[in-house]
Visitor: 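Following this message is one structure expressed as structure tokens.
All of these numbers come straight from a predicted model, not from anything done at the bench. Naming convention: chains lettered A, B, ... in sequence-line order (proteins, then strands); numbering from 1 in each chain.
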Amino acid sequence: MLHEDDLSALWITFQLASITTIILLLVGTPLAWWLARTHWRGKPIVEAVVALPLVLPPTVLGFYLLVALGPYGPVGALSIALGGKPLAFTFTGLVIGSVLYSLPFVVQPLQDAFTAIETHFLEAAATLRASPVDIFFSIIIPLARPGFLTATVLGFAHTVGEFGVVLMIGGNIPGRTQVLSIAIYDHVENLEYVQAHWLAGGLLILSFVMLVTGYTINKRFRVLNS
Amino acid sequence: MSIEVKFQLKQRNFSLIVEIVFQEKGITALFGPSGGGKTTLLRCIAGLEPSAQGYLRVGETIWQDDSKHIFVPPHKRSIGYIFQGAVLFPHLSVCGNLEFALKRANEQRISFDEAVEFTGISHLLERRTNKLSGGERQRVALARALLTSPEFLLMDEPLAALDRESKAQLMPYIEQLHETLSIAILYVTHSIEEVAHLAEYMVLLNNGRVQGNGKISEMLTSLELPLARSDNAVSIIKAMVVKHDKIYNLTCLRFDGGEILLPQEKCNIGKIVRVAVHARDVSLVWEPPKQSSILNVIPVVIKEVSVLNSAQVLVRLMAVNTFLLARITKKSAAVLDVVPGRQMYAQVKSVSLID
């Protein structure tokens, strides 16, 4: 039914999406918090940079990443200087590309959720002896839970669904950097419609189930909290 | 315990410059019109206005001294803060809200059960916070603040958003707070009724400046302050219930300055109550009248006389150690020769118990 290469593409896709989502939650949370609370004048510039992957053709992002991660680019050169290899056409390169590409899908829901938290809850917590770190875990995260869920689902699903960026910087190496979306493309190119159907249909159902689950949990949470 | 507060804060259309030292015995009311800076001052004390510069000492502890770069962050100040809208955490139940405070308390001067019993919320513990009435929310907020065992309780108009019934329900809890737990309380309000009911001391704040501060009876009757000059100017007598007259249905109160009779009230003999006497209900006579329908005649000394308007003067009286106000005509003042130092009698047409 599924070819060995298809299975490894599925596994690579799953790994890529999971690692990317975890990194994005770790990086995106402080960034979104800062964006939600800062009064700094340059904030729109940062917001625009975060949102760029929404409007740029993935090939543009992919092209610049390829240049940057390659042996003569700054990131690739740094990697070599540290005793590594250039990052183009590697799994690490894919992760870096995916993190940038999916950044707005994680940062924006989190920023919206953080903005919606009224300051007086944080102040009340402070007057009840909660330190800033304590407040973050005991008040901010629970109140922003729907935002975190949306960010996780969108970040994961969007990484699973990316094509242009991974094609440019991953190089479509089966077993190493070939992900599902590219495997489907290859099957169609080779007129292997049955295999393309299996993968495409599977991806469609998987994405749909993830989104429905996310929205259902969020709805229940909102009903409980209203 | 004394509390020293000095703050300066500049905002867009408002500046706060405040310097007060107050002895913290009983509830201190922070009183003044809306927009006068009451809430802002409370927030400065709690450390919630980081741009406020100044000095703050509570008892022996210095919480802020900007000249020495000392700023104790809000969560390390031993305060309880009751916000206007209660601000209960929506993701926690009533019980969860209380435990939030209890877990983080540095010391435990009041137990969970005591706080719950004191505020009368034991039947609400399992409820979600959005299923509470306004009065219930404030009681939960009060219990939550008490569970951090604060030295200093800051209350920002805790009764303002409540209807009459909930107000009457909550008032006794606040009254008892000081007596049972000996916590210093700073109470923000713009309601003179609440001040008359609860406060021992008062700080008058207007336009970001302190207009006066002192004992409530002195503040209410100070002729320099706007309170005494308002139409509803009132003075307060603290008195003890001594007997009930069953024949005429009167209650007799006694204070250092004499006795007061008022239509019978349901209160136990020995109880200390507060009585409001409006300036417009007080008249002055040389000798106690022999035939008069007015029951309450109190010997007083004239302390101060101030012109109120073209026809009236305001007179500050002293009955042993209680201040009273009388609003009389300029003509009467001239005819009766009402001058400071003179001994006279104050006829009080009506008095009412504050509750």
Visitor: Determine whether more than 12 heavy atoms belonging to other residues, nucleotides or ligands lie under 6.0 Å from atom CZ of B:F14.
Guide: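 Atom CZ in B:F14 is packed in, count exceeds 12.
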Visitor: Using heavy atoms and a sub-4.5 Å threshold, report which of residues 30-50 of chain B line up against chain A, by residue number.
Guide: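 Within residues 30-50 of chain B, the residues under 4.5 Å from chain A are B:R43, B:L48.
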Visitor: Answer yes or no: does atom CG of A:L26 have more than 12 heavy-atom neighbours from other residues, nucleotides or ligands under 6.0 Å?
Guide: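 Buried by this count: over 12 neighbours within 6.0 Å.
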Visitor: Using a 6.0 Å cut-off, check whether atom OH of A:Y64 has over 12 heavy atoms from anything other than its own residue.
Guide: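 Open.
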Visitor: Heavy-atom cut-off 4.5 Å, strictly under: side chain, backbone, both or neither for A:I135 against chain B?
Guide: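 When you check distances to chain B, no heavy atom of A:I135 falls under 4.5 Å.
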Visitor: Just wondering, do B:R104 and A:S131 contact through their side chains at under 4.5 Å, heavy atoms?
Guide: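 They are not in contact (no side-chain heavy atoms under 4.5 Å apart), so the answer is no.
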Visitor: Where do A:L128 and B:A145 come nearest, in terms of heavy atoms and distance?
Guide: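 Shortest heavy-atom separation between A:L128 and B:A145 comes out as CD2-CA, 4.3 Å.
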Visitor: Can you name the side-chain contact (heavy atoms from CB on, under 4.5 Å) partners of B:A86, sequence neighbours left out?
Guide: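 Partners of B:A86 under the side-chain contact (heavy atoms from CB on, under 4.5 Å) test: B:L88, B:R137, B:Q138, B:A141.
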Visitor: Identify the two heavy atoms, one from A:A130 and one from B:H75, that lie closest to each other, and give their separation to 0.1 Å.
Guide: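 In this case the closest contact between A:A130 and B:H75 is O-CB, 3.2 Å.
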Visitor: Is it the case that more than 12 heavy atoms not belonging to B:Q11 sit under 6.0 Å from its CD atom?
Guide: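 Buried by this count: over 12 neighbours within 6.0 Å.
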Visitor: Has B:H91 got a side-chain atom pairing as donor or acceptor with A:S138's backbone, closer than 3.5 angstrom?
Guide: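 Looks like yes, one N/O pair under 3.5 Å.
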Visitor: When you compare the side chain of B:F89 with that of A:P142, does any pair of heavy atoms fall below 4.5 Å?
Guide: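 The answer is no, as the side chains (C-beta and beyond) never meet within the 4.5 Å cut-off.
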Visitor: In terms of heavy-atom contacts, does CZ of A:F136 have more than 12 from other residues, nucleotides or ligands at under 6.0 Å?
Guide: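 More than 12 within 6.0 Å, yes.
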Visitor: If you draw a 6.0 Å radius around CZ in B:F71, do more than 12 non-hydrogen atoms from other residues or ligands fall strictly inside?
Guide: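 More than 12 heavy atoms, drawn from other residues, nucleotides or ligands, come within 6.0 Å of this atom.
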Visitor: Tell me, side chain or backbone of B:P150 under 4.5 Å from chain A's heavy atoms, or both, or neither?
Guide: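 Answer is both: backbone and side chain atoms of B:P150 are under 4.5 Å from chain A.
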Visitor: Tell me if the NE2 atom of A:H120 is crowded by more than 12 foreign heavy atoms within 6.0 Å.
Guide: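 More than 12 heavy atoms, drawn from other residues, nucleotides or ligands, come within 6.0 Å of this atom.
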Visitor: Taking everything shown except A:K43 itself, do over 12 heavy atoms lie less than 6.0 Å from its NZ?
Guide: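 Enclosed: over 12 neighbouring heavy atoms sit under 6.0 Å from NZ of A:K43.
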Visitor: Apply side-chain contact (heavy atoms from CB on, under 4.5 Å) to the pair A:E123 and B:Y81, showing each step before the final yes or no.
Guide: CA-CA 9 Å; A:E123 292 179 344; B:Y81 199 119; over 6 Å; no
Visitor: Report which part of B:S78 has an atom under 4.5 Å of a heavy atom belonging to chain A: side chain, backbone, both, or neither.
Guide: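 Interface part for B:S78: both.
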Visitor: Is there a side-chain contact between A:R129 and B:P74 in this structure, where contact means two heavy atoms from C-beta onward sitting under 4.5 Å apart?
Guide: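 Sidechains of B:P74 and A:R129: no contact.
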